[in-house]
Each structure stands twice: as structure tokens, then as C-alpha cells.
There are 2 protein chains.
Amino acid sequence: VAEFRNVSRIYRMGDNEVHALDDVSCRFNAGDYWAIMGSSGSGKSTMLNLLGCIDRPTNGEYYVSGTAVSTLNDDDLSELRGRHIGFIFQSFNLIPQLNVLENILVPRFYLEDPGIGLVERARDIAERVGLGSRTDHRPRELSGGQQQRVAIARALINDPSLLLADEATGNLDTQTTEEILELFDELHSDGMTILLVTHEEEVGKRAEQVMRLKDGAIESVAYNRPT
Amino acid sequence: VAEFRNVSRIYRMGDNEVHALDDVSCRFNAGDYWAIMGSSGSGKSTMLNLLGCIDRPTNGEYYVSGTAVSTLNDDDLSELRGRHIGFIFQSFNLIPQLNVLENILVPRFYLEDPGIGLVERARDIAERVGLGSRTDHRPRELSGGQQQRVAIARALINDPSLLLADEATGNLDTQTTEEILELFDELHSDGMTILLVTHEEEVGKRAEQVMRLKDGAIESVAYNRPT
Ligand SMILES: Nc1ncnc2c1ncn2[C@@H]1O[C@H](COP(=O)(O)OP(=O)(O)OP(=O)(O)O)[C@@H](O)[C@H]1O
Ligand SMILES: Nc1ncnc2c1ncn2[C@@H]1O[C@H](COP(=O)(O)OP(=O)(O)OP(=O)(O)O)[C@@H](O)[C@H]1O
Ligand SMILES: [Mg+2]
Ligand SMILES: [Mg+2]
């Protein structure tokens with residue numbers, strides 16, 4: 001369970017302030033599948049970055065399973081971030097010097113040595129996202145959509161309980177998008193909590209609930225179908 | 001007029017070959033508006049990179065206004081690339097150390113000093129893409145969609161005769177996408193040749209003609225409406 005209580009994220013530059021998130025309170029329950037939507041600059045990535053413990057609120061508090069994240073020490077925070085949360089970044093953040101397989105395994109580097117079982121798992125996930133034959137290629141040898149799929153695979157290597165996907169299908173064609181969304185449906189059926197930022201209405205319809213942001217605040221919350 | 005005659009682009013890595021473009025012949029006339037579509041990895045960015053003189057064919061020849069690009073000397077090539085072609089990259093390629101206004105002006109740095117008139121023009125274009133109030137921000141202080149719009153503005157600063165847009169709206173919400181496409185409509189009405197790579201069918205419908213690639217070859221060419 002992840003909960004925001006009056007969370008704001010304010011960027012200050014000289015005299016200017018940008019209220020990327022403005023006094024947001026909301027709750028995401030285990031096993032939920034949300035689409036977070038809204039116009040460019042409305043605060044979607046900011047929200048995901050806070051949820052993924054990559055950034056900190058300016059004001060307010062973020063609770064995970066009842067514990068205030070601000071009270072966690074560095075080891076606990078790293079554990080939470082590295083083991084329980086899978087993050088697909090909007091800009092992929094692949095490491096240019098590593099090949100596809102090594103990029104997928106990067107989250108493991110932070111937790112323990114990859115080992116033999118994990119290389120096999122990484123190959124399996126690469127295959128699931130359609131890149132089984134490209135595992136020794138570097139990011140610059142891949143198309144935009146192929147890079148995005150490496151980012152998806154990397155987010156899944158630790159079998160996270162919470163998947164944060166920031167525009168995970170924006171560079172993918174319709175068929176590949178469908179394959180990725182079917183993978184997300186399977187993961188969700190297995191109990192994964194998924195928050196999916198997207199601009200594509202058709203992608204948003206795949207989630208159970210849709211939250212729309214506007215100017216750093218929640219504009220609306222709706223169910224796609226009864227739960 | 002841009003013409004490919006039996007153009008291939010082959011990447012060789014050890015024993016492996018990837019035929020990113022495979023013996024493609026096609027012609028784009030001045031004032032055309034094309035959408036280039038196809039699945040991830042089908043060769044769209046590769047085609048645009050060749051058209052934009054950022055890359056060179058492995059085989060075949062690329063002609064611009066009847067002149068083989070391979071015969072151009074470095075100065076002519078730089079002139080063609082810098083003055084006549086505007087390129088919106090799939091990965092934006094903004095310079096982190098420069099602010100929005102300076103990023104928009106980068107293509108001018110290669111041609112001459114920006115001067116006073118050009119700074120005004122850059123502000124005008126920043127305004128046109130909805131970033132008038134953010135011109136002194138750096139890329140990391142912008143959302144994904146905002147960065148994409150800086151890339152669009154930068155491609156327009158030289159008022160190019162040919163605009164190559166690689167997934168230019170993938171990170172934009174519906175309303176911002178519409179605003180950008182209306183801007184493209186205006187530029188096309190003024191005579192600009194536009195080639196727009198997109199995965200979004202609705203965006204593809206805005207072009208006059210649609211070329212679909214598959215496995216590095218042209219699968220189909222169709223008109224959206226009679227010309
Ligand atoms: N530098 C490179 N070295 C090796 N292979 C490459 C290189 N660049 C692209 N490729 C390969 O060439 C093929 C075509 O790539 P391209 O980037 O043109 O695809 P695309 O149609 O733009 O795909 P997407 O929709 O995912 O952006 C892909 O299989 C890709 O992996
Ligand atoms: N590091 C930063 N410094 C200053 N302002 C920032 C920073 N990061 C984001 N912002 C601003 O905060 C607002 C929200 O940004 P955010 O990235 O959350 O938007 P978004 O909804 O993800 O947009 P997009 O759909 O374009 O990706 C934007 O106006 C953005 O420019
Ligand atoms: Mg974003
Ligand atoms: Mg591409």
C-alpha cells in the first residue's frame with residue numbers, strides 16, 4: 001500500500017517556483033492497476049519519481065505499508081527501491097557501455113552478484129519483450145522501441161511488487177504495445193501492483209482505474225470497469 | 001526532391017548482419033507531406049538518418065535535387081544538412097548544459113553567430129511550441145514532453161525546406177500533439193516538405209501520403225486523400 005498525504009513537490013529557481021505536485025493525497029492498494037494520465041507538464045513523472053523513492057516530497061509525507069518513507073534509513077530505502085520497485089523511465093536510462101543482457105541485470109548489481117540462474121532469467125525476460133536475439137547488442141545498436149523494451153525488461157528482473165512505468169509504450173508500434181500490455185496483464189494477475197503513465201487513451205483503458213492529473217493536482221479518478 | 005535508388009543500410013557485427021534498410025527505391029517531392037510508419041525495428045529512423053545526411057547508405061545512392069549526396073564535399077554536405085534540413089530526433093539530443101533558448105539556437109551556431117534577430121526568432125518559436133515561459137530552463141528541469149517540444153523548435157530555427165520528424169509527438173498529450181500538428185500543417189501550407197515518423201495512426205492520417213516499412217523494405221504506399 002502506497003499513500004501520499006498532502007504531498008507537494010516544488011522546484012525553486014531563483015524567484016520562480018514550479019509546483020510540479022501540489023498538495024496531493026491519494027492511496028494505491030496492493031494489486032491495483034492504475035493509469036496516470038494528464039497533459040505534458042501536469043506532474044506525472046514527478047509523481048512516479050516520488051513513488052519510486054527517486055525523489056523526495058518538498059512537503060507532506062509518503063507512506064509505504066504504513067511506514068513514512070522519510071523515516072527510513074539509507075539501507076532500508078535502498079532495499080525498498082531496489083527489491084520491491086521496478087521502474088521504467090521515460091528516457092530509458094540505459095547504460096551505453098553495457099549490452100542488452102547486462103542492462104537488464106543492472107538492478108541485480110545493486111543487490112548481489114548476478115549468478116548463473118539470473119543470467120538465464122534475464123535471457124528469458126529479454127525473450128518475453130521480443131529481444132531474445134539481440135542480447136549482446138549495445139543501446140546505440142537498437143532502435144528507439146527496442147531500447148524501450150530493454151528498459152521494460154530491466155524493471156522486471158527483480159520481480160518487483162510495484163511496477164512504475166513512465167510512458168512505457170510511447171515508442172512502440174501497435175503490435176509491440178499490445179504484447180507489452182499483455183505481459184503487464186499477466187504480471188497484474190500474478191499480484192503485481194502497476195502504475196502506468198501514458199498519453200495513449202487505448203493504453204489507459206487497459207488499467208482498472210485512471211487518475212488524471214492537471215497542474216500538479218488530481219483532476220479526476222475513475223474506474224475503467226467494476227472491481 | 002529527395003530520391004533513394006536501391007539504398008541499403010547494413011550493420012555488420014562480427015558474423016551478424018542487420019539489414020536495417022534493404023534495397024529501397026523511392027522519391028519524395030518538394031512540398032510533400034509523408035507519414036513513415038511501421039513496426040519497431042522496421043527501419044524508420046534509419047531511413048530518416050540517411051535522408052538527413054546523418055548516416056550514409058551501405059549500398060545504393062541518395063540524390064537531392066538530382067545531385068548524388070555521396071559526391072558532395074564536406075562544405076556542401078554541411079550546408080545541406082545545416083541550412084535545408086530540420087531534424088527532430090527520436091531521443092531529442094538536447095544539450096544538458098544549455099537552456100531552452102540556447103538549445104533552440106544550436107543549429108545557428110554551426111552557420112553563423114545568432115545575433116539579435118535570431119534570439120527574437122528563437123523566443124517566437126519557443127512560444128509557438130508552448131514553452132515561452134521556460135526559455136531559461138535546462139533540459140533536466142523540463143518534463144519529457146517539454147523536452148520534445150524544444151527539439152521541435154530547434155528543428156525549425158533555420159526555416160528548413162525539409163523537416164524530418166522522428167516520433168515527434170510520442171511524449172505529448174493529445175492537445176499538445178494537436179497543436180504541434182497544426183503547426184506542421186501551417187509549415188506545409190507554406191511549402192515545407194515534411195516526413196513524419198509516427199506510431200500513432202491518428203497522427204499518420206494528418207499526412208498526405210503514408211509509407212509503411214517492414215523489415216527494412218517498403219511494404220506499402222498510400223494516399224490519405226487525393227492531391
Ligand atoms: N547502429 C546500429 N547498429 C546495429 N544495428 C542497428 C543500428 N541502428 C539500428 N540498428 C538496427 O536496425 C534495425 C532498424 O532500426 P531503426 O532504428 O531504423 O528502427 P525503427 O523503425 O526506427 O524502430 P523504432 O520504431 O523502434 O524506433 C533495428 O533492428 C535496429 O536494431
Ligand atoms: N528538475 C526540475 N526542475 C524544475 N522543474 C521541473 C523539474 N522536473 C520537472 N519540472 C517541472 O515540473 C512540471 C511537471 O513535470 P513532470 O515531468 O512531472 O511532467 P509530466 O506530466 O511527466 O509531463 P510529460 O507528459 O511531458 O512527461 C513541469 O512543468 C516540469 O517542467
Ligand atoms: Mg513525464
Ligand atoms: Mg526509430
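Just so it is clear: chains get the letters A, B, ... in the order the sequence lines come, proteins before strands, and each one is counted from 1.
Ionic pairing of Arg149(A) and Glu179(A) is not present here: no N-O contact between side-chain nitrogen and carboxylate oxygen is shorter than 4.0 angstrom. Checked for salt-bridge contact, Arg123(B) and Glu120(B) miss the test: no charged N lies under 4.0 Å from a carboxylate O. One finds a salt bridge joining Arg212(A) and Glu201(A) here, because a Lys/Arg side-chain nitrogen approaches an Asp/Glu carboxylate oxygen to under 4.0 Å.
Note on Gly145(B), Ala20(B), Gly170(B), Ser40(B): by heavy-atom pairs under 4.5 Å with chain A, the leading option is Ser40(B). When each of Met13(B), Glu167(B), Gln175(B) is scored by its heavy-atom pairs under 4.5 Å with chain A, the top score falls to Met13(B).
Expressed to the nearest 0.5 Å, how far CG of Leu195(B) lies from CZ of Phe87(B) amounts to 10.0 Å.
Contact check for Tyr223(A) versus Glu208(A): no side-chain heavy atoms found under the 4.5 Å cut-off. Side-chain contact between Ile10(B) and His19(B) is present, with at least one heavy-atom pair separated by less than 4.5 Å.
Residues of residues 51-62 of chain B never come closer than 4.5 Å to chain A when only heavy atoms are counted.
At a 4.5 Å heavy-atom cutoff, the contact between Ser39(A) and chain B is made by backbone and side-chain atoms alike. With a 4.5 Å cut-off on non-hydrogen atoms, Gln147(B) does not touch chain A at all. Proximity to chain A (any heavy atom under 4.5 Å) is shown, for Ser45(B), by neither the backbone nor the side chain. Using a 4.5 Å cut-off between heavy atoms, Ser143(B) touches chain A through its side chain atoms alone.
In summary, of the residues considered (Asn224(A), Asp185(A), Thr198(A)), a side chain to side chain donor-acceptor pair (under 3.5 Å) with Arg206(A) occurs for Asp185(A) alone. Across Thr177(A), Thr176(A), Asp173(A), Leu172(A), a single residue satisfies side chain to side chain contact (heavy atoms under 4.5 Å, CB included) together with His199(B), and that is Asp173(A).
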Please evaluate residues Glu141(A) and Arg138(A) with respect to the criterion salt bridge (charged side-chain N to carboxylate O under 4.0 Å, His left out), reporting the C-alpha separation (whole Å), side-chain torsions for both, the decisive distance (0.1 Å), and the verdict.
CA-CA 5 Å; Glu141(A) 298 165 324; Arg138(A) 292 187 196 319; 5.7 Å; no
